[in-house]
Amino acid sequence: MPDKEREEKKVNGEAAAPAAVTDAETNAEAPAAESLPEQETTQDLGEAPEPLSPEDRVRALEAALSAAEAKAAEYYQQLLRLRADFENLRRRVNKEREEFLHFAGEALVTALLPVLDDFERALQAPGEQVADFLSGVNMIYRRLSEILAREGLEPIPAVGQEFDPSRHEAVAYEAGEDGPRHTVVEEFRRGYMFRGKVIRPALVKVSREKG
């Protein structure tokens, strides 16, 4: 009997030992599992930013306002400088334009001086005959016409041309049976164009049908 009891105790002891180890392990793991959420909660609370106080908000707004005012002052100074530069440019352009208009005819006047010299010589030493004087005047007329033609002046064709109200000004009419109608038959004053623009229409007589 004693041997049998010792065997039963031995078997019971071996079976109980693992159970005790299992409870110990369970009790050891439980605190670690319970403490984990507490640590995470503590970390989460530590990362949350603290709210600004009213004084800090006021100081932040004042700093932003000062920066905006400084930027606005800088832009205003730039605007003043640009306005001053524009005014200087406008005055310089106006001055150059006035000088150009004032001296625009200088080249033409310079080219006409030889013609004026010819007139003076013709008046100071007229020829003995009228033909000589007329020859001199004709020469002056040709030189003057050449100078004006180089500048862009050209006469408007008149006699024999179809009447054009944009280039001709009718001051008289002639009724006739022969020849085409609405045609310039006589020129009273020559018209001129300057660089393609009519600056003076020709005064003409125009043919028309008998009425």
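The structure displayed is predicted, hence computed values, not measured ones. Residue indices begin at 1 and follow the sequence shown.
- Residue Leu112 is grouped with residue Tyr192 when hydrophobic side chains (ILVMFWY) are merged at heavy-atom distances under 4.5 angstrom, including chains of intermediate members.
- Residues forming a side-chain hydrogen bond (donor to acceptor under 3.5 Å, both in side chains) with Arg91 (at least two apart in sequence, or on another chain): Asn88.
- Residues satisfying the side-chain contact (heavy atoms from CB on, under 4.5 Å) test with Leu80, not counting sequence neighbours, are Tyr76, Gln77.
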Side chains of residues 139-159: which donor-acceptor partners sit under 3.5 Å, not counting sequence neighbours?
| from | atom 1 | to | atom 2 | distance (Å) |
| --- | --- | --- | --- | --- |
| Arg143 | NH1 | Asp118 | OD2 | 2.9 |
| Ser145 | OG | Tyr141 | O | 2.9 |

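- Judged by distance alone, the side chain of Ser207 and the main-chain N or O of Thr183 form a donor-acceptor pair under 3.5 Å.
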Next item on the list: Start with the C-alpha gap between Lys95 and Glu98, add the side-chain angles, then the distance that decides, and say whether salt bridge (Lys or Arg N to Asp or Glu O under 4.0 Å) holds.
Entry: CA-CA 5 Å; Lys95 182 179 179 181; Glu98 291 176 359; over 6 Å; no

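- Distance check, rounded to the nearest 0.5 Å: CZ of Arg200 to CZ of Arg189 gives 4.5 Å.
- The CD atom of Gln161 lies 10.5 Å from the CD atom of Glu187; values are rounded to the nearest 0.5 Å.
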Could you give the side-chain donor-acceptor pairs of residues 58-65 under 3.5 Å, partners two or more places apart or in another chain?
| from | atom 1 | to | atom 2 | distance (Å) |
| --- | --- | --- | --- | --- |
| Arg59 | NH2 | Asp56 | OD1 | 2.1 |

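- Atom CZ of Arg57 has 12 or fewer heavy atoms from other residues, nucleotides or ligands within 6.0 Å.
- Partners of Phe188 according to the side-chain contact (heavy atoms from CB on, under 4.5 Å) rule, which considers only residues two or more places apart in sequence or in another chain, are Val171, Ala172, Glu186, Leu203, Lys205.
- In this structure Leu116 satisfies the side-chain contact (heavy atoms from CB on, under 4.5 Å) test together with Glu120, sequence neighbours excluded.
- In this structure, Arg97 and Asn94 have side chains that are in contact, with non-hydrogen atoms separated by less than 4.5 Å.
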